[in-house]
Q: 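Before we start, here is the structure in question, set down as structure tokens.
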Amino acid sequence: MNLDEKSSYLKELFKDFTFDFVSFASNTKSYRNKLELAIFHQDDEIHYAMFEGKKKYIVKECKIANEKIQDLMPLVLKALNSNKALKERLFGVEFLSTKLDMSLTLLYHKDIEQIKTELNKFSESLNLKLIARSRGKKLVFKDEILKQELEIYNKKYHYVYTNECFCQANTYINEKMIEWLLKELKDEKKRDLLELYCGYGNFTLPLSFIFERVVATELSKKNIEFALKNCELNGVKNIKFLRLSSEDFSKAIKKEREFFRLRDVNLDEFYFSHILLDPPRAGLSKEVVTLAKNYENIIYISCNPQSLRQNLEHLKEYELKKLALFDQFVDTKHIECIAILKRKV
Ligand SMILES: C[S@@+](CC[C@H](N)C(=O)[O-])C[C@H]1O[C@@H](n2cnc3c(N)ncnc32)[C@H](O)[C@@H]1O
């Protein structure tokens, strides 16, 4: 689907609502900063491959991947093909790049300890941050931490993360999403922000500068580990990151359950004017929709407009003020959007 088709689809899906609509285009080529490929073994050679349903087909190049990844792809393949131990039982590769950095993950169906020396030489020869994985094992060569720098309205935000963290796939569009949110929230009355599904703090850090205080929660331990590092990197002091599922956080705020992780936090001290939600494709559970209703303003970042639409059915007390479409995944059926909701008066 192109941007016009996605816009029409969204407008049709949300036709029962009245809202301002805006869309943001991406570069159509070289936009992806992460790429996962399968490996196809043929005779004595390996090729990059993708799946179409259950069918694997060979991929010679990938124009949607950014230039860093495109440049590295042939070098990696050549080096792997010239080494029997490295190509044997290899079944997948994952490229992850940032504006400043790059890592490669190799996925094996064999014990990677046996090829540790070869992997090290491979990482050295390509000067590459390399991660190798096989069942229950992980080896890291050089480093796995990537540095990222986002530029939002001429201000730089610094991040670190690894490929075990969630990260947005299109850096340009990610920056546009953050810029748009800052612009939309600029003139609103704001106090504290409650953010659920915060990842490593992608939105949290820039937003922390326009709210008094932020409580940000996330399920994954790795994401929270890096969110805390990112807070320090940017000298931010007004965010409290908590590793809790959104469902558990709902229980905590209703005092239905006590959590040791919340022993130093008195949630009653906060005045949340806004809640920001960026859930996985399935959208929000019933408990989280109920939690969201405690707050006057809801910002809902969605990678699945269908689940967003379903959740809105249970948020009838709110008006959908704005809906923004971000073409994060160009020419695919995937739609990323942000909805801004306000409780009706
Ligand atoms: C779409 S990502 C958004 C991450 C972040 N906002 C960003 O922009 O990088 C969704 C995040 O929700 C987390 N997550 C998934 N299920 C969750 C749950 N039930 N409670 C809290 N976090 C959850 C995932 O670990 C992931 O980091």
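We use all heavy atoms of the structure for the numbers below, so side chains are in, but hydrogens, waters and symmetry mates are not. Remember, predicted model here, so these are calculated numbers, not experimental data. Each ligand, and each atom within it, is numbered from 1 in the order the structure gives.
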Q: Using only atom types and a distance under 3.5 Å, with no angle test, would you say the side chain of K68 pairs donor to acceptor with the backbone of K99?
A: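 Yes, K68 side chain to K99 backbone: donor-acceptor pair under 3.5 Å.
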Q: In a check of side-chain hydrogen bond (donor to acceptor under 3.5 Å, both in side chains) between S26 and each of T171, N170, D327, D331, which one passes?
A: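 That would be N170.
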Q: Please determine which of Q168, H334, K176 meets the side-chain hydrogen bond (donor to acceptor under 3.5 Å, both in side chains) test together with Q328.
A: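 Checked Q168, H334, K176 against Q328; only one passes side-chain hydrogen bond (donor to acceptor under 3.5 Å, both in side chains): Q168.
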Q: Around atom OH of Y271, are there more than 12 heavy atoms of other residues, nucleotides or ligands at under 6.0 Å?
A: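 For Y271, atom OH is not crowded (no more than 12 foreign heavy atoms under 6.0 Å).
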Q: Check ligand 1 against the protein and report each N/O to N/O distance under 3.5 Å, formatted as atom name, atom name, distance.
A:
from: ligand 1; atom 1: 6 (N); to: Y197; atom 2: O; distance (Å): 3.0
from: ligand 1; atom 1: 6 (N); to: D278; atom 2: OD2; distance (Å): 2.8
from: ligand 1; atom 1: 8 (O); to: Q168; atom 2: NE2; distance (Å): 2.8
from: ligand 1; atom 1: 8 (O); to: N202; atom 2: ND2; distance (Å): 3.0
from: ligand 1; atom 1: 8 (O); to: D278; atom 2: OD2; distance (Å): 3.4
from: ligand 1; atom 1: 19 (N); to: E247; atom 2: OE1; distance (Å): 3.0
from: ligand 1; atom 1: 20 (N); to: S246; atom 2: N; distance (Å): 2.9
from: ligand 1; atom 1: 20 (N); to: S246; atom 2: OG; distance (Å): 3.3
from: ligand 1; atom 1: 22 (N); to: L219; atom 2: N; distance (Å): 3.2
from: ligand 1; atom 1: 25 (O); to: E218; atom 2: OE2; distance (Å): 2.5
from: ligand 1; atom 1: 27 (O); to: E218; atom 2: OE1; distance (Å): 2.8
from: ligand 1; atom 1: 27 (O); to: E218; atom 2: OE2; distance (Å): 3.3
from: ligand 1; atom 1: 27 (O); to: N223; atom 2: ND2; distance (Å): 3.3

Q: Going through the distances and angles, do N66 and S97 end up as a side chain to side chain donor-acceptor pair (under 3.5 Å)?
A: CA-CA 8 Å; N66 67 22; S97 79; 2.6 Å; yes
Q: For the ring-ring contact (aromatic ring centres under 6.0 Å, His included) test, which of Y300, F211, Y295, F203 pairs with H274?
A: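 The ring-ring contact (aromatic ring centres under 6.0 Å, His included) with H274 is passed solely by F211 among Y300, F211, Y295, F203.
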